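None of these values were measured; they are calculated from a predicted model. All heavy atoms count here, side chains included; hydrogens, waters and symmetry mates do not. In what follows, chains carry the letters A, B, and so on, assigned in the order in which the sequence lines appear, proteins first and then strands, with residues in each chain numbered from 1.
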Amino acid sequence: MTQVSMTVNGKSVSGDVEGRTLLSSFLRDHLSLTGTHVGCDTAQCGACVVHVNGEAVKSCNMLALEADGADVGTIEGQANPDGSLNVIQQAFQDHHGLQCGFCTPGMVMSAAALLKENPRPTEAEIRKYLEGNLCRCTGYHNIVKAIMAASGQDAGKIAAE
Amino acid sequence: MPKDSGIGASSKRREDVRFLTGAGNYTDDINVHGQAYVHFLRSDIAHGRIKSIDTSAAETMPGVVKVFTGKDFEGVGGMPCGWEVTDKHGAPMQEPPHPILAQGKVRHVGDPIAAVVADSLEQARDAAEAIELDIEELPAVLDMKAAAQEGATLVHDDLKNNICYDWQLGEADDAKVNEVFANAAHVTTLDLVNNRLVANPMEPRVAVAEYNRGTEDYTLYTTSQNPHVIRLLMCAFVLGLPEHKVRVVAPDVGGGFGTKIFHYAEEAFCTFAAKACGRPVKWTASRSEAFMSDAQGRDHVSTIELALDADNNFIGLRTNTYANLGAYLSTFSSSVPTWLHGTLMAGNYKTPVIQVNVKAMFTNTVPVDAYRGAGRPEATFQLERVVDKAARELGVDPIALRRQNFITQFPYDTPVALTYDTGDYNGTMDKLEVAADLAGFAARRTESEAKGKLRGLGINCYIEACGIAPSNIVGMLGARAGLYDAATVRVNATGSISVMVGAHSHGQGHETAFPQVVADMIGIDESMVEIVHGDTSKIPFGMGTYGSRSLAVCGSAMVKATEKVIEKAKKIAAHLLEASEADIELKDGQFSVAGTDKSVAWGDVTLTAYVPHNYPLEVEPGLEETAFYDPANFTFPAGAYACEVEVDPETGQVTIEKFTAADDFGNIINPMIVDGQVHGGIGQGIGQALLENCAYDENGQLLSASFMDYAMPRADDVPFYEVDHSSQTPCTHNPLGVKGCGEAGAIGSPPAVVNAVLDALNSGGKSVDHIDMPVSPSRVWAAMNS
């Protein structure tokens, strides 16, 4: 066991982990931050996306020890300080960008990373960026709309209602 | 004006807030104090005889609690099948045992052989590697037609052959069918494959079971679409437990699409092992494990023939299908190629003579069962592909040919056992023609051609049969379960309402849509109504959610229970208002005496029900009612879809440029949610048509056992979809007039895509009759260059 320390959603945390413990396991099992989901074992589905030092990372594909000292953000830390949904979360609700909710945390975290680097992405840029996030429920239509809306674009005009 | 609340409003989903903030409660989020973890050692070969299993080394590994093999389950029931199909000679289907852990033989890659329970998952995995297996490999039975031959290797040694049943529906007189085809002016024949799929809800399956030694109660948390069905099957047929001592909870479930209907061995195992080990036991499937243990979908090989007269009227239809059931009968697998498939072969058309033949086969592959649409996509694909081919052969417009043969009089008795209550197929097609701007297609084709691309338009119609019922009829057809549903409307003293429903929401938004109905009926705010689901200790016995049944069946039960509540509340209101019950009206949450200004509010009546001081003596206190609802018939959503593709003639690459769905779902409670259901179905249908394929090699090795090898549709594989559901013929036999919308997209879209690709190729001067799904670039390129 090795001690690992990091900042998660602004709080300092630490724990003893095995070398093989994944960051996703550390978040879910050690910190009980179960909003980060694991939907595959080949880093394909993106349900586990978190932010590590501001970058979108698949936490099932990173060892907890690799995140030692890092600043980690998870879905639990995304809401506004007053607890209300942030712009992206609100857009997902407004545009029905989620159904079963399992891929949703990863989608929201990826969308946040996308909008940080590209504040007004085109439809094609959004679709391309989401290649690493699988959703089985929505056919992606309302996810893309939600992200366009979150970036201040009129999703209704772009996508058929 | 769109409504802002109640029936017909696009109310925002209340469940979203917890899902968007990481506060959902999925089964893998549940950890029980003291839990151990199980890892299943699964067969890595498709077919073999188990000669020995040596677990002695594994048992001494660190952290190991207990190692189980098939021997531990001798005397315990196997996994049951919930539908007995009778073959065309009147004999029951062959129904081989399906043990929890393999006994004697392994029959597919992924068949569980042993299970290690340990303090940690890593320890369980490590110990499983120390189990020594001696398995004699046998030839794998894979090809269905070869498997049906006499002398073929048997998947199950005790069965007479590999044919589960040889089933027929429709015209039984072969001579009569032959005569129709002999007299036809034109016959179109098509051989096709409906590719095997993996449902792949994003949440893999999980089971956590605990046993309370003091009370002798079990609790199973599981990723299920129907917790009561799981409890009944597990208690009555597998483990022999008293139902009242077993609680099954399906909390937030991350998608189902059919594959979480079934009772799986892992659920029974964890429940059994929790008592045997004296500790809670948890199992979480990895995605690779899901690929080899979740029931898979489709996998039909068919030949379909359509006979037309000289005026292009459909006069006969004959289809022969081999349906792959895999190695064992999954819970409802036997019903899929039969009653959920053969009955749909009339489609939207008044074909007078139809004969459906299905041979269901055992093979050394993962079991196959219902996946979104379940039999209906297979039927629609056959029918709509052959209709499209007929139009091309005859040189007629594919829409005109369909319109000419549409059923236009309702109710309509099909030759394949169904009675369509209502529909307007021409009206729905009219909506499609406008919504898809079919008039502008020629110009779009010209634009594509200018870019060096071939553009194709594919049309498809579908009929669906949802809300399978009534129970007495499906019982005669072999169902070993009822297909009603139930709801309890519990009004609290202060007027808020909890509705306990048998339906289960795993993405469908019941927590939002169901309250819209109850709130609308009473005239109170939606936020005063909450739905409780997914826990057998809280809800009445319901059959769960599948087959687009929730609103049509469970919603109807909820309406009936709410009507009972209102009826009783009116009695109390009449007493409070000193009026006759017959004069009491309920509107906007106020009970009033007709023709007067006397009224009493909903909350005053509900409080009186629980504080019955000034109260009618002949009425029981309290305000809570339950209703069970068994529908009189199926519901029949229908639609017309249009897909436009571009094909790159250099590479065979297909891109979906435009996709339009016009559906008739009857009345609609929440249009936003309905749109979302259609989008999702179309996404999966495009996945089947262009990308997805569950592949086995010649030895029965599963080649597509991860997302690296199984091509799931991604955001850049699909376009925005145009969805129109303004064509509405309400269901005639349920109180809401609703039909169901969950599967439509997955049923209607695959043939539309394939028809579009073929239209594109033919527009480019290539004479291509058919390409099997997935219509991959290599297949398109090969078809173009053959």
Side-chain angles (χ1 to χ4, degrees), chain A residues 18 20 28-29 32-42 44-45 47 74-79 83 85 88-90 92-105 108 123-124 126-145 158-161, chain B residues 10 12-13 15-26 28-29 31 122 199-204 252-257 284 286-288 435 506-509 660 672-673 675-684 686 706-708 712-723 745:
Chain A
E18 292 185 67
R20 61 184 168 183
R28 288 180 55 78
D29 302 337
S32 297
L33 293 172
T34 54
T36 297
H37 295 153
V38 178
C40 76
D41 42 17
T42 53
Q44 296 283 303
C45 83
T74 74
I75 189 68
E76 287 88 348
Q78 291 295 298
L85 299 179
I88 295 170
Q89 291 167 318
Q90 189 61 56
F92 269 70
Q93 186 188 31
D94 291 346
H95 295 276
H96 190 26
L98 64 153
Q99 292 183 23
C100 82
F102 195 81
C103 77
T104 306
V108 169
E123 177 201 342
I126 294 170
R127 291 184 184 277
K128 182 77 181 161
Y129 194 87
L130 293 182
E131 269 205 331
N133 289 81
L134 294 176
C135 170
R136 196 56 152 166
C137 292
T138 64
Y140 301 100
H141 182 107
N142 285 336
I143 291 175
V144 178
K145 266 179 76 175
I158 299 151
E161 284 293 337
Chain B
S10 286
K12 287 181 198 173
R13 298 202 329 166
E15 48 270 72
D16 288 358
V17 176
R18 70 176 187 271
F19 296 145
L20 283 161
T21 55
N25 183 37
Y26 298 87
D28 193 46
D29 302 341
N31 294 299
E122 291 78 10
N200 275 324
M202 294 317 301
E203 178 204 33
D252 288 330
V253 171
F257 315 115
T284 302
S286 68
R287 180 58 59 182
S288 302
H506 35 277
Q508 296 87 346
T660 311
M672 175 193 80
I673 289 175
D675 284 354
Q677 290 294 306
V678 177
H679 296 160
I682 295 171
Q684 292 184 10
I686 290 174
S706 80
F707 287 149
M708 306 284 277
M712 293 277 281
R714 293 167 192 266
D716 57 359
D717 293 316
V718 295
F720 282 128
Y721 320 106
E722 182 90 33
V723 176

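Only the side chain of A:L85 has a heavy atom closer than 4.5 Å to any heavy atom of chain B. B:A435 does not touch chain A: none of its heavy atoms, backbone or side chain, sits under 4.5 Å away. Only the side chain of B:S706 comes within contact range of chain A, judged by heavy atoms closer than 4.5 Å. In this structure, chain A has heavy atoms under 4.5 Å from both the backbone and the side chain of B:Q677. For B:E122, the parts lying near chain A are the backbone and the side chain together; criterion is any non-hydrogen pair under 4.5 Å. Only the backbone of B:V253 has a heavy atom closer than 4.5 Å to any heavy atom of chain A. Residue B:I673 touches chain A through both its backbone and its side chain, counting heavy-atom pairs closer than 4.5 Å.
Distance check: B:L20 CG to A:Q90 CD gives 8.5 Å after rounding to the nearest 0.5 Å. Rounding to the nearest 0.5 Å gives a distance of 12.0 Å between NE2 of B:H679 and SG of A:C135. Note: A:Q99 CD to B:M202 CE = 13.5 Å, rounded to the nearest 0.5 Å.
Considering only heavy-atom pairs separated by less than 4.5 Å from chain B, the leading option among A:G101, A:A124, A:A79, A:G35 is A:G101. By number of non-hydrogen pairs under 4.5 angstrom with chain A, the leading residue of B:G683, B:G745, B:G24, B:P713 is B:P713. No other option in A:V108, A:D94, A:V144 has as many heavy-atom pairs under 4.5 Å with chain B as A:D94. Interface summary for chain A: among B:S286, B:G676, B:G256, B:A23, the most heavy-atom pairs under 4.5 angstrom belong to B:G676. Ranked by heavy-atom pairs under 4.5 Å with chain A, the first of B:D28, B:N25, B:T284, B:D252 is B:D28. Chain A forms more heavy-atom pairs under 4.5 Å with one residue of B:P204, B:S10, B:G255 than with any other, namely B:P204. If you tally non-hydrogen atom pairs under 4.5 Å between each of A:T104, A:L130, A:T138 and chain B, the highest count goes to A:T138. Contact count versus chain B (heavy atoms, under 4.5 Å) is highest, among A:G83, A:G139, A:S32, for A:G139. Taking chain B as the reference chain and counting heavy-atom pairs below 4.5 Å, the highest number among A:N142, A:L134, A:T42 is found for A:L134. Highest contact tally toward chain A, considering only B:G22, B:G680, B:G507, is held by B:G507 [criterion: heavy-atom pairs under 4.5 Å].
Across all their heavy atoms, B:M708 and A:Q44 have their closest contact at SD-NE2, 3.0 Å. Between A:C100 and B:G254, the shortest heavy-atom distance links the atoms SG-C, 3.3 Å. Here the closest non-hydrogen pair linking A:C45 and B:F707 is CB-CE1, 4.0 Å. Considering all non-hydrogen atoms of both residues, B:D29 and A:R28 come closest at OD1-NH2, 2.8 Å.
Residues passing the salt bridge (charged side-chain N to carboxylate O under 4.0 Å, His left out) test with A:D41: none are found, sequence neighbours excluded. Contacts of A:R136 classified as salt bridge (charged side-chain N to carboxylate O under 4.0 Å, His left out), with partners at least two apart in sequence or in another chain: B:E692.
A:Q93 places a side-chain N or O within donor-acceptor distance of the main-chain N or O of B:R13, the cut-off being under 3.5 Å. Under the 3.5 Å distance criterion, the side-chain polar atoms of B:Y26 are left unmatched by any main-chain donor or acceptor of A:T34.
Residues B:T21 and A:Q89 are in side-chain contact: their nearest non-hydrogen atoms beyond the backbone lie under 4.5 Å apart. The shortest distance between side-chain heavy atoms of B:P201 and A:F102 does not fall below 4.5 Å.
Ring geometry, B:Y721 versus A:H141: the interplanar angle falls under 30°, so the pair is classed parallel (tilted spans 30 to 60°).
A salt bridge does not link A:R127 with B:D717: none of the charged nitrogens is closer than 4.0 Å to a carboxylate oxygen.
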